[in-house]
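Proteins come first, then strands; the chains are lettered A, B, ... in the order of their sequence lines, and each starts at number 1. The structure displayed is predicted, hence computed values, not measured ones. All values below were derived from every heavy atom in this structure, side-chain atoms included, with hydrogens, water molecules and symmetry-related copies excluded.
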Amino acid sequence: MSLSSSNEMPRAYSPNEVEQPLYRFWMEKGYFTPTVDPSKKPFVVIMPLPNVTGDLHLGHALTMSIQDILTRWHRMMGESALWLPGKDHAGIATQVVVERQLASEGASRQELGRDKFLERMWDWVGLYGGKIEEQLKSMGASCDWSRLVFTLDPGPSRAVRTAFLNLYEKGLIYRGERIINWCIRCSTALSDLEVEYEEEDGSLFYVNYPLEDGEGSITVATTRPETMFGDTGVAVHPEDPRYQSLLGRNVILPLANRPIPVVGDEAIEREFGTGVLKVTPGHDIVDFEIGQRHNLPIVMSVDDKGFLTEAAGQFQGQERFEGRRNTAAELERQGHLVKTEPLRHSIGHCQRCATVVEPFVSKQWFIKIDPLAKPAMDAVKDGKVRIVPERFSRVYLNWMENIRDWCISRQLWWGHRIPVWYCDGCDGLTVSVEDATQCRHCGSENITQDPDVLDTWFSSGLWTHSTLGWPGETDDLDYFYPSHVMVTGYDILFFWVARMIMMGIENMGEPPFETVFLHGLVRDAEGRKMSKTTGNVLDPLELTDTYGTDALRFALTTGAAPGNDLRISTDKLESSRNFANKLWNASRFVIGSLEYADAAQGWRELADVSHREDRWILSRLNRVIGRTQEYLERFEIGEAQREVYDFLWNEFCDWYIEFAKIRMRDDAEPSPLPTLAHVLEKTLRLLHPFMPFVTEEVWQRLTKQLPNEDALTESIMIAPYPEEDASRIDETSEAEVAQIITLVRSIRNVRAQLRINPRQELQASLDLQGHDYLVGDEVEAVKGLARLRKLSGADASQVPQDGGVVTVVAGEVVVALPLGEVIDLAQERRRLEGERDEASKHLKRVDSLLARPQFRAKAPEHVVERERERAQGLRERLKRLEEVLAQLPS
RNA sequence: GGGCGGUUAGCUCAGACGGUUAGAGCACCUGCUUUACACGCAGGGGGUCACAGGUUCGAGUCCUGUAUCGCCCACCA
């Protein structure tokens with residue numbers, strides 16, 4: 001089948017015309033959907049689920065490109081390759097978007113009510129939720145759309161409830177009144193990870209708290225005087241000599257005028273401020289812990305909306321920052337404020353809306369994390385899960401060691417509602433996978449479900465198995481779990497990867513993937529993070545429109561080591577596009593040549609490789625195939641691509657095709673067509689995972705022109721990935737062609753330096769010194785590529801008499817280009833002296849290395865041998881240069 | 001306070017296991033309508049691999065330290 005309407009190949013590759021039809025073709029053929037086939041090896045990549053809110057950005061484009069490359073590669077290797085796409089309801093992120101929309105209409109979710117609001121959310125998802133799929137398709141993503149899952153679908157929802165129930169029954173989920181991060185804008189609890197800290201300028205207020213017994217006062221230092229109404233103690237380090245006498249006594253809390261105790265606690269930093277901490281267990285994480293240790297009561301002085309409570313007396317109802325200023329002013333007025341110092345410190349912000357987070361004591365659901373973290377750490381330590389690049393293992397382990405219990409309840413409406421029902425009668429809890437209708441303890445039907453939803457990352461953590469049918473026992477789960485590679489940015493190592501490992505082990509008994517491949521973040525040409533506010537966001541779809549999808553994919557995955565951030569610029573995109581175009585045109589040449597001849601018989605097996613040039617390119621091809629495979633196995637995608645790029649451009653196009661053109665003019669020569677076809681066809685397959693569209697389009701056109709020796713697959717997508725054929729490696733041909741190339745280059749170099757008109761054909765004579773192949777079957781090649789009229793062998797004594805320019809290649813071969821009067825002999829002499837000096841310098845270095853006894857004694861034999869050969873070659877070259885110079889007039 | 005990464009050509013970056021005269025793309029210079037490609041061809045210039053020590057026959061590559069930029073984690077009130 002061919003997707004092109006005509007055989008004509010335009011001079012430039014135009015991606016826009018071929019991409020959509022090709023993608024449709026692949027979809028229709030069902031290539032993306034693997035079969036559950038126990039005779040085949042499965043290969044599984046679970047897609048990091050994009051948010052339904054989202055537009056595709058370059059970060060997605062990068063992740064998707066890598067996953068698609070790996071999936072296509074394994075699919076071509078004959079594995080049952082599953083790339084499983086998903087979509088995330090993204091609780092807080094999506095809810096914030098719709099809330100903003102409501103706000104612009106002057107409404108709010110509270111006014112709307114839960115049911116109406118959720119309707120609105122679903123409408124919104126219906127409208128925009130499909131966008132990202134379309135965008136992924138336009139990136140060429142070969143994921144199995146028939147298995148697409150949304151986190152709120154019945155399957156994953158059931159998985160969420162099941163996991164919750166299991167953990168609850170094991171005692172790993174509990175509800176408790178604890179201090180959590182609270183966003184007053186979103187009105188919800190946040191996990192530690194959802195808080196982003198930033199350095200900000202603030203003030204440190206020094207406040208005197210008088211002792212209850214009237215014997216002076218103690219000075220505390222605080223950045224948040226407005227929380228003092230929640231103070232229920234004052235703490236000093238138990239061994240701080242300055243405050244020994246105060247331990248166990250009371251101070252009077254100013255403004256509130258109530259006594260609070262002085263306690264000793266190791267958490268106090270003696271050097272900070274005055275070494276005295278006011279303890280506000282309701283609004284500070286450290287204070288909460290100190291409060292617990294000393295049984296201090298909790299008094300909330302800021303409410304869930306960020307306003308001071310009645311505990312703040314006269315300041316009740318003031319917004320927290322206003323309250324801070326007013327409290328400080330009142331303290332000063334009453335003479336309690338000793339001084340104020342500027343202080344730079346880090347402040348937590350809500351990841352989604354950037355509002356300053358309020359530490360807040362409230363009743364929430366938590367996961368007891370230690371029992372889950374332990375096996376998840378072991379999995380990485382034991383190598384059951386391998387993190388690439390390896391350095392992130394330490395980051396992971398370090399984070400896991402210090403992990404705290406995970407607050408999983410959110411006071412949101414959009415998400416998986418917590419599967420817990422409270423009984424009005426007996427106060428008992430019912431946790432259930434199915435919607436509960438009666439209390440498990442007393443049978444009362446008077447029960448109400450917990451209004452809160454679960455942290456989005458709870459369902460994400462189950463993703464590796466919930467998508468395959470867990471908790472059901474499905475064929476998919478049996479065959480495809482665990483997956484092989486988890487590809488994602490290092491920025492969600494903790495959020496997601498760590499939790500998938502914990503939950504995977506917990507639910508499935510084994511880690512959810514073998515390898516975690518972490519890539520870097522995409523930045524703009526100046527290295528800045530892309531963000532809407534900076535306005536430097538590049539839209540992947542605009543880029544694919546301008547440069548082509550293959551070019552974008554190539555630009556994103558090349559020239560960046562795993563785990564390193566990368567900058568994207570139009571330069572990079574242009575050169576990637578140029579590469580696609582280069583491939584297109586090389587193919588145009590090959591396909592065009594095939595149209596006028598049926599000489600490509602035997603292109604697949606290549607029985608006749610009598611020609612040195614053919615043996616050379618096949619040897620090079622097979623080396624490249626081997627190295628490309630090796631790089632892919634190591635996830636060095638950029639290096640793999642560079643291999644193919646260099647081969648195609650610098651060897652196949654620059655040399656082999658040029659050799660071929662010369663051979664095609666001469667009927668006596670063996671036709672290069674079978675080899676041209678063979679190498680191009682294999683190179684296309686080698687490149688297909690990286691540049692799926694252009695390779696498929698060209699492959700379709702190429703194979704149509706090829707003798708149908710045995711059945712080809714109908715798409716390159718399902719053709720086998722090339723494997724290195726070691727029998728094609730041919731050192732001799734490689735060395736000989738390398739010499740031919742050097743010879744041609746030397747002559748071209750002379751021509752360029754002497755400004756000889758490119759159209760002018762020269763004569764050359766060679767003193768071959770035994771390198772007979774140079775004027776044997778390669779004479780036409782050398783003549784053609786170096787633009788020579790005549791190339792003849794000569795002995796050394798003749799060469800200089802021909803006069804003109806002389807150069808030395810292959811160590812010892814002398815090339816003479818008689819140029820008569822055109823040449824300034826003095827200039828030529830200087831040029832040769834330059835060459836001689838360089839050779840002599842180099843030889844000196846090699847000789848001195850060889851002269852060292854330790855080198856000969858300790859270096860491996862092959863290294864010493866190589867240096868000897870090098871010295872020998874240089875000596876020859878030097879000798880020849882001296883001979884030639886001796887015969888030039890000085 | 002811990003930890004990690006970067007520092008290689010004018011710019012952006014590659015450089016397993018230490019072993020050719022350290023590479024690419026872009027930019028630059030000189031030529032070129034050579035019938036696949038000007039999204040191109042040919043040729044060329046440009047780097048004491050941040051710095052200082054050390055290990056080694058041999059260091060861009062390994063070790064120690066310094067500088068500098070960036071990131072992550074942490075309960076500095």
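Enclosure of atom CD in Glu341(A) by more than 12 non-hydrogen atoms of other residues, nucleotides or ligands within 6.0 angstrom is indicated. More than 12 heavy atoms of other residues, nucleotides or ligands lie within 6.0 Å of CD in Glu200(A), so this atom counts as buried by the packing criterion. Annotation for Arg759(A): atom CZ does not count as buried by contact number, only 12 or fewer foreign heavy atoms lying within 6.0 Å.
Side chain Glu639(A) to base rA24(B): no donor-acceptor pair is found below 3.5 Å. Contact of Lys661(A) with rA36(B) (side chain to base): a donor-acceptor pair of N or O atoms is detected under 3.5 Å.
In this structure, Tyr490(A) and Phe392(A) have parallel ring planes: the angle between them is below the 30° cut-off, well short of the 60° mark. Taking the six-membered ring for Trp and thresholds of 30 and 60 degrees, Phe494(A) and Trp399(A) have nearly parallel ring planes, at less than 30 degrees apart.
Straight-line distance from the CZ atom of Arg665(A) to the P atom of rU35(B): 11 Å, rounded to whole Å. Taking atom CD of Gln641(A) as the reference point, atom P of rG23(B) lies 22 Å away to the nearest angstrom. Distance Arg856(A) CZ to rG58(B) P: 15 Å, rounded to the nearest Å. Put simply, CG on Asp646(A) is 13 Å from P on rG23(B), counting in whole angstrom units. For Leu785(A) and rC32(B), the CG to C1' distance is 16 Å, given to the nearest whole Å. Distance, Ile180(A) CD1 to rC75(B) P: 15 Å, rounded to whole Å. His519(A) has its NE2 atom 19 Å from the P atom of rG5(B), to the nearest Å. Nucleotide rC39(B) holds its P atom 13 Å from the OH atom of Tyr547(A), rounded to whole Å.
Rounded to whole Å, the C1' atom of rC32(B) lies 44 Å from the corresponding atom of rC69(B). Atom P of rG1(B) sits at a distance of 34 Å from the matching atom of rG60(B), rounded to the whole Å. A distance of about 15 Å separates the C1' atoms of rA67(B) and rG53(B), rounded to the whole Å. Remark: the separation of the C1' atoms in rC49(B) and rA14(B) is 13 Å, to the nearest Å. Here the separation of rG15(B) from rA9(B), taken at their P atoms, is 15 Å to the nearest Å. Atom name C1', nucleotides rG58(B) and rU21(B): the rounded distance is 16 Å, in whole Å. Only the P atoms considered, rC13(B) is 23 Å distant from rC73(B), to the nearest whole Å. Remark: the separation of the P atoms in rU33(B) and rG25(B) is 24 Å, to the nearest Å.
With RNA chain B read from its 5' end, the first of the two nearest nucleotides for Gln854(A) and Ala12(A) is the one closest to Ala12(A). The residue among Ser569(A) and Asp654(A) whose nearest nucleotide of RNA chain B lies closer to the 5′ end is Ser569(A).
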Study note, to complete from the structure: Taking Watson-Crick and G-U wobble contacts under 3.5 angstrom, with | marking pairs to another strand and [ ] crossing pairs, the secondary structure of RNA chain B is written (((((((..((((.....[...)))).(((((.......))))).....(((((..]....))))))))))))....

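Residues passing the side-chain hydrogen bond (donor to acceptor under 3.5 Å, both in side chains) test with Arg755(A), sequence neighbours excluded: none.
Between the Asp240(A) side chain and the Arg270(A) main chain, no donor and acceptor come within less than 3.5 Å of each other.
Here Phe579(A) and Tyr645(A) bring their ring centres to under 6.0 angstrom of each other.
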